[in-house]
Amino acid sequence: MAHEKPTSAVAGAARPLKIIAGADDFGSSLKDTLVAQLRSLDIEVEDLGTTKYYSVGEEVGRRVSQAAKNTESAVETRGLVACGTGVGVAIFANKFPGVYAATCLTPGDALNARSISNCNVLAVSGMSTAPEAAAEILTTFLNTPFKSPCPASGSNPWPEEIQSFLDGSVTEMSKIGDETAAAAAADPPCFICSVAKSRQDKEFTPVDIMPGGSMKILRETPTSAIVRFKAGSVEPAHHHTFGHDLVVTKGSKCVWNLTKSEKYDLGIGDYLFTPAGDVHRVKYYEDTEFFIKWDGHWDLFLDEDIASANAAIDIQKK
């Protein structure tokens with residue numbers, strides 16, 4: 001079937017769309033079909049690939065939330081997530097302020113979600129929705145402006161008092177989550193954050209063999225440090241003489257433990273221990289900071305170059 005070019009979802013503005021997409025194993029095939037549809041419409045797509053439903057839901061939600069804060073952006077960022085039911089990915093995407101994810105099984109669901117809640121993350125079911133039906137749902141999601149006539153309005157324009165309510169609801173919904181963040185900021189900071197703050201006058205040193213990385217040593221032996229990597233950076237496969245613990249304090253990353261054939265998607269607050277000698281590769285999805293502590297003095301031995309690492313990651317995404 002032919003797909004219409006999407007119109008802007010922002011009244012008075014024709015901002016181009018960018019879609020952040022991802023799925024679990026049960027939704028991967030449907031996600032790939034819809035990503036192909038989006039690209040056929042010349043819509044920019046960032047495909048995060050396939051991973052656990054709660055990890056991909058969280059990652060898409062995090063990125064859409066960050067984009068929603070930038071009201072001056074020339075691009076409107078939305079999300080597309082898929083799992084077996086479409087429910088799990090939506091639950092985890094909705095944990096972030098400014099994200100309005102809805103599971104849509106019919107075009108009518110998408111009409112209602114866009115019209116009433118200004119839905120900006122579409123969640124679909126890989127087990128219950130055929131590709132042809134999903135294509136119609138996606139087209140509706142792309143082409144339906146906020147406050148449009150929809151099944152819930154009897155397919156008629158919303159009365160003026162309802163339109164006024166909907167306008168106010170978007171402002172109020174965008175504040176949900178901010179109060180929790182403010183309360184957390186008022187609490188005494190955690191030990192790791194306190195350590196990082198107390199060392200602010202000590203500059204970060206670039207990690208020359210890891211482009212995009214920098215480190216602030218907090219203690220020499222056993223080594224502990226605050227480490228930062230820029231979005232898109234890659235740590236080629238490497239290993240250390242000593243094992244290390246880390247806790248992510250900002251951003252997100254993916255760690256492949258090649259020795260154990262295991263993959264870990266880590267976000268804020270997540271912890272990971274890597275045993276001594278285990279070969280691991282890392283990809284940073286956004287600007288990321290973490291606290292790390294080795295069991296002895298820090299060292300690093302490369303097991304591949306950056307080109308090989310990027311090629312391996314590209315293969316794993318397919």
- [ ] For side chain to side chain contact (heavy atoms under 4.5 Å, CB included), just list the numbers for Y285 and R63, CA-CA rounded to whole Å, side-chain angles, deciding distance to a tenth of an Å, and then say yes or no.
- [x] CA-CA 10 Å; Y285 295 125; R63 296 192 188 201; 2.6 Å; yes

For [X] and [Y], which I'm curious about, is there any donor-acceptor pair between the side chains at under 3.5 Å?
X	Y	answer
N257	Y264	no
T274	H280	no
T139	Q37	yes
D25	S28	no

Output the distance between atom [atom1] ([X]) and atom [atom2] ([Y]), rounded to the nearest 0.5 Å.
X	Y	atom1	atom2	answer
D265	C254	CG	SG	4.5 Å
L48	S252	CG	OG	9.0 Å
L138	I19	CG	CD1	7.5 Å
H244	S224	NE2	OG	13.5 Å
I292	T223	CD1	OG1	9.5 Å
L17	L38	CG	CG	9.0 Å

- [ ] For salt bridge (charged side-chain N to carboxylate O under 4.0 Å, His left out), just list the numbers for D278 and K260, CA-CA rounded to whole Å, side-chain angles, deciding distance to a tenth of an Å, and then say yes or no.
- [x] CA-CA 8 Å; D278 275 17; K260 293 183 168 58; 2.5 Å; yes

[X] and [Y]: which non-hydrogen atoms are nearest, and at how many Å?
X	Y	result
M210	L302	CE-CD2, 3.9 Å
S55	T51	CB-CG2, 4.0 Å
E286	Q66	OE1-NE2, 2.8 Å
Y271	V247	CD1-CG2, 4.0 Å
T77	V64	O-CG1, 4.1 Å
L258	A237	CD1-CB, 3.7 Å

Tell me if the [atom1] atom of [X] is crowded by more than 12 foreign heavy atoms within 6.0 Å.
X	atom1	answer
K250	NZ	no
Y54	OH	no
K95	NZ	no

Open item on the list: Determine whether F229 and E289 satisfy the following criterion, side chain to side chain contact (heavy atoms under 4.5 Å, CB included), listing intermediate values before the conclusion.
Closed with: CA-CA 7 Å; F229 274 89; E289 182 175 293; over 6 Å; no

Flag the pair [X] / [Y] as yes when at least one side-chain heavy-atom distance between them is below 4.5 Å, and no otherwise.
X	Y	result
I226	F204	yes
T129	I137	yes
Y284	S233	yes
E72	N70	yes
D295	F273	yes

TODO: Using side-chain contact (heavy atoms from CB on, under 4.5 Å) as the criterion, list what pairs up with H239, not counting sequence neighbours.
DONE: V279, F301, D303

Open item on the list: For K230 and T288: C-alpha separation, side-chain torsions, deciding distance, then whether side chain to side chain contact (heavy atoms under 4.5 Å, CB included) applies.
Closed with: CA-CA 6 Å; K230 295 179 180 178; T288 301; over 6 Å; no

- [ ] Taking the six-membered ring of F146 (Phe, Tyr or Trp), confirm whether the NZ or CZ of R114 is under 6.0 Å from its centre and within 45° of its axis.
- [x] no

TODO: Report yes or no: is the cationic atom of K253 (NZ for Lys, CZ for Arg) under 6.0 Å from the centre of the six-membered ring of F290, at an angle within 45° of the ring normal?
DONE: yes

Establish whether [X] and [Y] are linked, either directly or via other cluster members, by ILVMFWY side-chain heavy-atom contacts under 4.5 Å.
X	Y	result
V207	L246	yes
I268	V227	no
I209	W298	yes
L300	V255	yes
L142	L105	no

Check: [Y] main-chain N/O paired with [X] side-chain donor or acceptor under 3.5 Å:
X	Y	result
S125	G84	yes
S65	G98	no
S73	V75	yes

Open item on the list: If you apply the rule side chain to side chain contact (heavy atoms under 4.5 Å, CB included), what do you find for I313 with W256, and how did you get there?
Closed with: CA-CA 9 Å; I313 291 172; W256 289 269; 4.0 Å; yes

Between [Y] and [X], is there a salt bridge with N-O shorter than 4.0 Å?
X	Y	answer
E44	R39	no
E304	R281	yes
K18	E76	no

Open item on the list: Could you walk me through whether D32 and S29 satisfy the side chain to side chain donor-acceptor pair (under 3.5 Å) test, starting with their C-alpha distance in whole Å, then the side-chain angles of each, then the deciding distance to 0.1 Å, before giving a yes or no?
Closed with: CA-CA 5 Å; D32 289 344; S29 178; over 6 Å; no

Task: Partners meeting side-chain hydrogen bond (donor to acceptor under 3.5 Å, both in side chains) with T241 (sequence neighbours left out) - done: D299

